[in-house]
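Naming convention: chains lettered A, B, ... in sequence-line order (proteins, then strands); numbering from 1 in each chain.
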Amino acid sequence: MLSKLLLRTSSSKPKQLKKIHALVLTSGLSVKNSLLTQLIENLILASDMCYARKVFDEMHKPRIFLWNTLFKGYVKNQLPFESFTLYKKMRDLDVRPDEFTYPYVVKAISQLGDLSCGSSLHANVVKNGFDCLGIVATELVMMYMKFGELSSAEVLFESMQGKDLVAWNAFIAACVQTGNSGLALDYYRKMCADDDDDVRFDSFTVVSMLSACGQLGCLEIGKEIYDRARREGIDCNVIVENARLDMYLKCGSTEAARVLFEEMRERNVVSWSTMIVGYAMNGDSEEALVLFATMQNEGVRPNYVTFLGVLSACSHAGLVKEGKRCFDLMARSNDKSLQPRKEHYACMVDLLGRSGLLEEAYEFIKEMPLEPDAGIWGALLGACAVHRGVELGKKVADLLVETAPDIGAYQVLLSNIYAAAGKWDCVDKVRSEMRKLGTRKVAAYSSVEFDGKIHFFNRGDRSHPESKAVYEKLEEILKKIRDMGYVPETCSVFHDVEVEEKESSLSHHSEKLAIAFGLVNGRAEQPIRVMKNLRTCDDCHIFAKFVSRLTSRDIIMRDKNRFHHFRNGVCSCREFW
DNA sequence: GTAGGGTTAG
């Protein structure tokens, strides 16, 4: 009778569940435990983990299945700490975990984000002999990846015997998600060549690889992987096509993306958002806004990422009014999930700041209902760097160093603000502080894809096998464009050094080397695609414009924030970046 | 009866 009642009681009726609990406890039935199990399952469905645990704790010797059910509930409800304490209790009571326990517990510890807990859990897994189970091992690999322990993850993954497709896919996806797309590409090739494990790739693999190629900016490799997937009859669903769309846009191929988007049989909100974000990144703000309007006309509901794209489109085009309108649209929306988040506030600060409205941006931050984070202050600091707002920049940088002292990028920005204002004593002060704190700027690099490989260049780099030809080409071009009127923009070297020294430091910036490499190797009718990990400097921007005119080659350059499409001496960003 | 993998932003 009670059992039937439990089955009928929907999970959305917690009060009734509690009444049933009291009835079960007073009943003295022999089937008490099985009823309580059913009750706990219902409570978990209702997301009442607290009450579920209470019922569980009062039970006499619950079966391992019930322990697992509780672990599962904690993972689902993102309560890793509770999961951790339950696991400790399990060990204290000498309850032996079974093969289903660890997948949940390892996932919980991943959510907890504590490496030492993770390592001791790993040791426990080994002790109990579950480390040879593929599913458990995969979860452990994912855990180490999430903790940023790439080498531990790699060692563990390599040691797995008879890895199946899911294990491979999980590892490759984690590589991409942690920004190790080059490694993902290596493992994809290993997977395809692997004789021992005999796995064939599937649509999950393709999605991760297209995403990796987008990150790396290697369009040709991405196309090849997609074509191969088609040839092998892999189902290319909307997720695969979205990933392909994103790859085109991240490689600066907006036209290919547009064609694909038009052709897609099925589109979802991610497809639209990908296009809008991609257009914004490529500087095609108008297209982004047109698409946003079309999407709404077609009845597709935008989500918070869509709005990030729209706001960033406004920001890149200096459309302050339109940006404000869109932000208000969100703030006034009845949809709770569309309320502006910190990222949207950061976008607005960027929009105002980029347009030179530094004070308004500052006021905007002071009035926002959420606690501003480093990203938001960072956006304002970036704007101060562009518009030479020395005083405000100093104020913001002080705030930032308080809240995020380990982020060297902000200190670099501040020192750049001082440098641009000629305040070399202040520059020195910031730099020495950075040395004291051990903060360092990330080294800049640029890359170009050619012949199935990605070629990397650092500033002044001579390690590339073709560097002799690259430097010769660079000298040749510099000479020619000087005749056309190119003057090195030495202000963008933020060191207090002599002009000549500045020039030579400038002329070997990584993007110049990458462009020269593209000129040496690429096909004349194809654009040179350069991907840079940081933002580009004024001088390299001017350089690229001259080179595009001199050589009649299109140069597509992706920096940390956006694209620059150079054609015949003009850049798509119209100097607004 | 229960377990591992994918797309948009940062």
Sugar-phosphate only, base, or nothing, as touched by A:Glu41 at under 4.0 Å among non-hydrogen atoms: base
Sugar-phosphate only, base, or nothing, as touched by A:Thr274 at under 4.0 Å among non-hydrogen atoms: sugar-phosphate
Sugar-phosphate, base or nothing in reach of A:Val141, heavy atoms under 4.0 Å: nothing
Presence of A:Gln38 side-chain N/O under 4.0 Å of B:dG1 phosphate oxygens OP1/OP2: no
Atom-to-atom span, CG of A:Leu66 to P of B:dT2 - whole angstrom: 15 Å
Trace of the ring pair (Phe, Tyr, Trp, His ring centres under 6.0 Å) decision for A:Phe71 with A:Phe100: CA-CA 10 Å; A:Phe71 283 127; A:Phe100 295 103; over 10 Å; no
Nucleic acid contacts of residues 339-354 of chain A, taken as heavy-atom distances under 4.0 Å to DNA chain B: none
Within 45° cone of A:Tyr445 ring axis and under 6.0 Å: A:Lys532 NZ or CZ: no
A:Asn237 side chain to A:Val240 backbone, donor-acceptor under 3.5 Å: yes
Euclidean distance, atom CZ of residue A:Phe65 to atom C1' of B:dT2 [Å, nearest integer]: 5 Å
Sugar-phosphate, base or nothing in reach of A:Ala167, heavy atoms under 4.0 Å: base
With sequence neighbours excluded, residues passing side-chain hydrogen bond (donor to acceptor under 3.5 Å, both in side chains) with A:Asp328: none
Sugar-phosphate only, base, or nothing, as touched by A:Arg267 at under 4.0 Å among non-hydrogen atoms: nothing
Length of the CD1-C1' vector between A:Ile40 and B:dT2, whole Å: 15 Å
Per A:Lys72 side chain, nearest of listed nucleotides B:dA3, B:dA9, B:dT7: B:dA3
Sugar-phosphate, base or nothing in reach of A:Tyr102, heavy atoms under 4.0 Å: nothing
Sugar-phosphate only, base, or nothing, as touched by A:Val166 at under 4.0 Å among non-hydrogen atoms: base
Sugar-phosphate only, base, or nothing, as touched by A:Asn237 at under 4.0 Å among non-hydrogen atoms: base
Whole-Å gap separating P (B:dG6) and CD1 (A:Ile239): 10 Å
Rounded distance in Å - CZ (A:Phe307) to P (B:dT8): 20 Å
Centroid separation A:Phe261 to A:Tyr279 less than 6.0 Å: no
Interatomic distance, A:Phe100 CZ vs B:dG4 P [rounded to whole Å]: 11 Å
Minimum-distance nucleotide to A:Gln177 side chain [options: B:dG6, B:dT8, B:dG4]: B:dG6
Sugar-phosphate, base or nothing in reach of A:Gly134, heavy atoms under 4.0 Å: base
Proximity to the side chain of A:Val305 - top-ranked nucleotide from B:dG4, B:dA9, B:dG1: B:dA9
A:Lys107 side-chain N/O to B:dA3 phosphate OP1/OP2 under 4.0 Å: no
Sugar-phosphate only, base, or nothing, as touched by A:Asn68 at under 4.0 Å among non-hydrogen atoms: base
Of the listed nucleotides B:dG6, B:dT2, B:dT8, the one nearest the side chain of A:Val277: B:dT8
Euclidean distance, atom CG of residue A:Leu311 to atom P of B:dA9 [Å, nearest integer]: 14 Å
Touch class at under 4.0 angstrom, heavy-atom based, for A:Thr101 against every strand present: nothing
Minimum-distance nucleotide (side-chain atoms of A:Thr138 versus B:dG6, B:dG4, B:dA3): B:dG4
Sugar-phosphate only, base, or nothing, as touched by A:Leu165 at under 4.0 Å among non-hydrogen atoms: base
CD (A:Glu232) with more than 12 external heavy atoms under 6.0 Å: yes
Sugar-phosphate, base or nothing in reach of A:Glu99, heavy atoms under 4.0 Å: base
Parallel, tilted or perpendicular: ring planes of A:Tyr187 versus A:Phe171, cut at 30 and 60 degrees: perpendicular
Donor + acceptor pair across side chains of A:Asp559, A:Thr536 (<3.5 Å): no
Nucleotide nearest A:Ile135 (side chain, heavy atoms from C-beta), chosen from B:dA9, B:dG6, B:dG4: B:dG4
Value in whole Å for how far the P atom of B:dT8 lies from CE of A:Met295: 16 Å
Test of ring centre spacing under 6.0 Å for A:Phe201 and A:Trp168: no
Sugar-phosphate, base or nothing in reach of A:Lys250, heavy atoms under 4.0 Å: sugar-phosphate
Donor/acceptor link under 3.5 angstrom from A:Ser208 side chain onto base of B:dG6: no
